[in-house]
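Below: the structure, in structure tokens.
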Protein chains: 2
Amino acid sequence: MKFEKQPSYSLGQRSPSNKEILPGEGGVNVTLVSQSTLGEINRGRVLQALYDNGPKSRAELARLAGVNRTTITGIVQPMIEEGLLVEGDAVPSDFKGGKPARPIYFNPEAPMLGAVLLLPGRIQTCLVTLSGEISALSKADFDPHGEQDVFLQILKDTLSATLSQAHRAPFGIGIASAGMIDSDNGVILAVNLAPVLAGLPLVDILQEHFALPVVIDHHPRALLVGDRWFGPGRGQQTFAAIYTGEVLGGAFYIDGRVYRGLAGSGGELGHTVVQIDGELCNCGKHGCWETVAALPWLRREAGRLGLANPESVTCARLVKEVAEGSEAADDLLDHYARNVAFGILNLQQTLSLNSYVLHGDIAGGGGVAAERVRSHVERLVRKRPNQEISITVNGIGEGHTALRGAAGLVLSSHLKLVI
Amino acid sequence: MKFEKQPSYSLGQRSPSNKEILPGEGGVNVTLVSQSTLGEINRGRVLQALYDNGPKSRAELARLAGVNRTTITGIVQPMIEEGLLVEGDAVPSDFKGGKPARPIYFNPEAPMLGAVLLLPGRIQTCLVTLSGEISALSKADFDPHGEQDVFLQILKDTLSATLSQAHRAPFGIGIASAGMIDSDNGVILAVNLAPVLAGLPLVDILQEHFALPVVIDHHPRALLVGDRWFGPGRGQQTFAAIYTGEVLGGAFYIDGRVYRGLAGSGGELGHTVVQIDGELCNCGKHGCWETVAALPWLRREAGRLGLANPESVTCARLVKEVAEGSEAADDLLDHYARNVAFGILNLQQTLSLNSYVLHGDIAGGGGVAAERVRSHVERLVRKRPNQEISITVNGIGEGHTALRGAAGLVLSSHLKLVI
DNA sequence: TAAGTTTGTGCGAAGTACAAACATACTGCC
DNA sequence: GGCAGTATGTTTGTACTTCGCACAAACTTA
């Protein structure tokens with residue numbers, strides 16, 4: 001039997017800029033799963049089950065995962081010996097009797113994680129334990145328009161102050177940064193409000209300085225991981241995190257994994273267009289979501305409507321004023337919520353995630369704001385039978401969510417834990 | 001050591017409509033990968049490598065997958081014995097010498113796949129071989145507003161006519177349908193232009209009638225799979241398919257898998273909003289992408305601009321008239337391309353897929369239309385260094401792509417092939 | 001003819017998950 | 001107190017899969 005080299009009915013014309021699929025080199029990558037990666041995956045999943053469900057005995061974990069008890073023992077035992085996990089006190093069995101279960105959880109004495117939150121002009125660093133506790137918090141300011149060397153020195157000093165308080169070398173350092181980040185290569189590409197950070201290959205620099213694994217990702221993605229770890233996204237397989245503030249961004253958790261997109265550039269929702277030829281955005285386009293659903297819009301609109309102190313308006317303030325009976329605030333809040341809803345609507349129509357966690361300014365409005373957004377989304381979206389859309393806020397401990405998320409980034413790469 | 005049942009720092013307030021995470025039942029699902037599923041996955045990947053790369057020898061496959069040659073032999077041998085694959089004639093080695101390679105590919109004698117394309121008022125069925133050849137094509141019309149029983153009888157007859165020409169029982173039947181589809185449950189939820197289809201549990205009905213596995217998905221997703229299989233998406237790990245016509249839809253292939261979203265409702269791009277409070281859409285909202293980038297808009301706009309025969313305008317016609325020097329056509333084409341570009345822009349900002357295959361009307365405009373769209377996207381998107389965005393059309397054999405895609409849907413479920 | 005190269009196939013080793021059986025530790029009942 | 005019942009965690013042997021090594025087969029080049 002004779003084969004043609006390529007089946008002849010390969011259709012499709014390509015527009016000029018399309019790259020050929022690895023020409024000559026003779027093939028597209030496939031990757032088979034080897035025996036050892038299988039173990040690695042399963043180890044990661046057991047750890048994730050512990051994160052999602054809290055302390056659990058071997059037998060419970062086995063039931064949860066639908067596998068044999070011995071399998072769990074095999075996975076968990078080496079981790080206990082390594083000091084990563086510990087066995088807790090026996091929990092007496094219920095009325096049915098039986099041998100008491102020994103719950104297992106993360107060892108408080110296990111190495112911690114270093115976390116960095118990088119916002120324009122401001123650095124926060126801390127240590128995070130495997131069970132999510134934050135310690136050795138340290139803060140510093142820097143000049144967003146200054147010299148890179150000066151910034152780096154401040155960062156290193158701040159981070160050193162934090163890391164020196166760990167009694168063992170941490171697993172690694174996770175960085176959450178504002179702006180446009182290339183998470184594959186560990187480079188900050190650009191930060192609108194802090195030009196000093198542009199082009200900084202931060203991962204390489206810190207990796208060398210501290211001799212620890214370092215990962216970086218953009219701020220919304222850290223919020224997402226923080227939500228997944230100890231926030232409203234806990235245990236969820238699919239949801240999105242949305243951040244509104246001076247800028248607007250998002251991140252997705254899809255089918256049990258953080259979605260990054262090519263070079264980690266997915267989730268730049270602020271510059272999706274919801275109003276063709278609308279207001280000018282500072283990205284140069286017109287009608288970006290950010291132009292109608294972020295703080296600058298809210299301030300401008302508050303001024304237009306004649307609210308007091310428009311330059312200091314926030315969603316939290318609006319909610320308070322609505323409670324006090326202000327009709328103008330009510331209108332503005334509703335308009336704001338509606339504008340936020342349009343972006344979420346688009347996301348819902350595109351990815352159908354059904355669950356959204358709000359952060360930043362809008363989250364400051366708490367459940368009231370979330371409910372307003374939810375009702376607008378509900379009204380706009382083409383719903384299917386039995387479909388429910390959940391809008392949650394995670395406004396408490398905003399910075400802490402980002403820091404925990406930054407730490408979580410390390411886990412997902414270092415421990416091969418898909419968090 | 002004593003553990004709390006739940007860590008106390010579980011943050012986040014929930015808005016009322018948020019469902020609890022499996023309350024009571026005590027835990028979130030985890031699934032560990034078992035030994036046998038590993039084998040299944042790898043078998044699927046080898047098959048996919050054959051689809052993507054055409055006939056390949058065992059040694060080549062091993063190199064492609066980065067695994068041992070013996071592993072490939074172990075995977076491939078049973079499939080040859082089963083008659084799914086065949087060994088081709090030996091290909092003489094190149095100048096370096098060596099034993100001639102025996103390429104392996106799909107057996108033309110292997111069972112085929114049944115494919116159904118369901119558009120408002122029109123049924124197409126055919127058989128597709130594992131190597132993508134189409135045969136036993138059969139067509140029928142039905143009344144979009146008629147009785148369900150009548151429609152079902154027509155469908156069964158048409159499909160029977162096709163299936164009876166197969167010399168062996170096919171692997172299964174794949175259906176690509178217009179409208180809103182619940183692919184998890186195999187139900188057509190609603191089709192705007194064909195109410196007769198609404199609520200039809202087509203998978204169950206055909207599965208019982210033909211005693212074969214049946215899968216269904218919506219039209220754009222079938223186009224996507226068709227692209228992935230033998231179109232411009234071949235071998236790509238990440239791309240999107242966009243369909244424009246009377247309606248507008250899309251589908252995504254992300255990291256080597258078809259993205260479906262919850263209940264298969266992802267990709268309903270037509271009703272993402274690009275113009276808040278814009279023109280009324282037949283979904284009841286205002287300013288959906290569909291209102292500015294589908295055929296109804298094009299016809300309306302052509303009429304407004306005074307083009308001849310505005311009711312029969314298509315992208316293909318516009319391209320032709322532009323080539324003939326019509327300035328009005330040029331302007332309209334550009335406006336159309338720009339409107340299409342906005343939706344792609346939003347997708348790019350959201351998911352960063354970098355590669356888009358156009359179908360339907362806009363694809364009728366060929367490379368010229370694709371290039372117009374590409375240049376608009378290029379101008380609008382916030383590009384990163386080294387990022388290239390590819391816009392391709394797959395206009396040739398439109399229906400064939402959908403039919404191949406429908407067949408491909410079967411593979412992905414029946415052969416556990418992640419296509 | 002000899003050396004070199006590549007393909008495809010046995011065979012044993014290593015790693016992983018699973019099933020059955022067993023020791024352990026508790027409850028409940030007599 | 002003794003015994004049955006129940007659940008947990010471990011031991012042991014089995015099955016499956018991939019990998020490395022060795023080797024025969026088939027071809028090219030010198």
Side-chain angles (χ1 to χ4, degrees), chain A residues 3 26-27 30-47 49 55-81 85-105 416, chain B residues 3 26 30-46 49 55-81 85-105 416:
Chain A
F3 295 130
V30 226
T31 33
L32 299 196
V33 184
S34 86
Q35 204 72 356
S36 50
T37 51
L38 187 154
E40 207 164 78
I41 290 169
N42 282 350
R43 276 189 292 276
R45 298 214 175 161
V46 168
L47 288 178
K56 285 272 174 279
S57 71
R58 296 169 179 81
E60 276 177 300
L61 284 172
R63 275 193 298 268
L64 232 61
V67 298
N68 201 285
R69 291 200 304 272
T70 55
T71 305
I72 298 294
T73 300
I75 290 174
V76 149
Q77 218 54 272
M79 292 178 171
I80 292 179
E81 276 155 32
L85 302 177
V86 278
E87 238 178 353
D89 293 334
V91 171
S93 58
D94 57 3
F95 71 99
K96 281 164 142 182
K99 180 175 171 177
R102 307 290 306 267
I104 291 174
Y105 204 55
K416 305 290 175 200
Chain B
F3 295 131
V30 224
T31 34
L32 299 197
V33 183
S34 85
Q35 207 74 355
S36 50
T37 51
L38 187 154
E40 207 164 77
I41 291 169
N42 283 350
R43 276 189 293 276
R45 300 219 172 157
V46 168
K56 285 270 174 282
S57 71
R58 296 171 179 80
E60 275 177 300
L61 283 172
R63 276 194 299 268
L64 233 63
V67 299
N68 201 286
R69 291 202 303 273
T70 55
T71 304
I72 299 293
T73 300
I75 289 174
V76 149
Q77 218 54 273
M79 292 179 171
I80 293 179
E81 277 156 30
L85 303 176
V86 277
E87 237 178 353
D89 293 335
V91 170
S93 58
D94 58 3
F95 71 99
K96 283 164 142 180
K99 178 175 173 177
R102 307 288 306 266
I104 291 175
Y105 204 54
K416 305 290 175 199

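Excluded from the calculations below are hydrogen atoms, water molecules and symmetry mates; all remaining heavy atoms, backbone and side chain alike, are included. First the proteins, then the strands, lettered A, B, ... as listed; each starts at 1. Keep in mind it's a predicted model, so treat the numbers as computed, not measured.
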A/E60 vs A/L64 side-chain heavy atoms within contact, under 4.5 Å: no
Separation of D/dT10 P from A/I104 CD1 (nearest whole Å): 8 Å
Distance in angstrom units between B/L61 CG and C/dT7 C1', rounded: 13 Å
Heavy-atom check, side chain of B/M79 versus side chain of B/I104, under 4.5 Å: no
Intra- and inter-strand pairs of DNA chain C in dot-bracket (Watson-Crick or G-U wobble, both distances under 3.5 Å; | for another strand): ||||||||||||||||||||||||||||||
Contacts of type side chain to side chain contact (heavy atoms under 4.5 Å, CB included), residue A/T73, not counting sequence neighbours: A/R58, A/Q77
Length of the line joining A/R45:CZ and C/dT16:P, which is rounded to integer Å: 15 Å
Check: B/T71 and B/I75 side chains under 4.5 Å, non-hydrogen atoms: yes
N/O (side chain, A/Q77) to phosphate O (OP1/OP2, D/dG9) under 4.0 Å: no
Length of the line joining B/K56:NZ and C/dG8:P, which is rounded to integer Å: 13 Å
D/dT10 OP1/OP2 closer than 4.0 Å to side-chain N/O of A/R58: yes
D/dG9 phosphate, OP1 or OP2, under 4.0 Å from A/T73 side-chain N/O: no
d(CZ, B/R63; P, C/dT6) in whole Å: 9 Å
Atom-to-atom span, CD of A/E87 to P of D/dT10 - whole angstrom: 7 Å
Separation of C/dG8 P from B/I80 CD1 (nearest whole Å): 10 Å
Distances for protein N/O vs nucleotides 18-22 of chain D N/O pairs under 3.5 angstrom?
from: D/dT18; atom 1: OP1; to: B/N42; atom 2: ND2; distance (Å): 2.6
from: D/dC19; atom 1: OP2; to: B/N68; atom 2: N; distance (Å): 3.4
from: D/dC19; atom 1: OP2; to: B/T71; atom 2: OG1; distance (Å): 2.9
from: D/dG20; atom 1: N7; to: B/N68; atom 2: ND2; distance (Å): 3.1

Residue whose closest nucleotide on DNA chain C lies nearer the 5' end, A/P100 versus B/A101: B/A101
Between C/dA21 (C1') and A/K99 (NZ): distance, integer Å: 15 Å
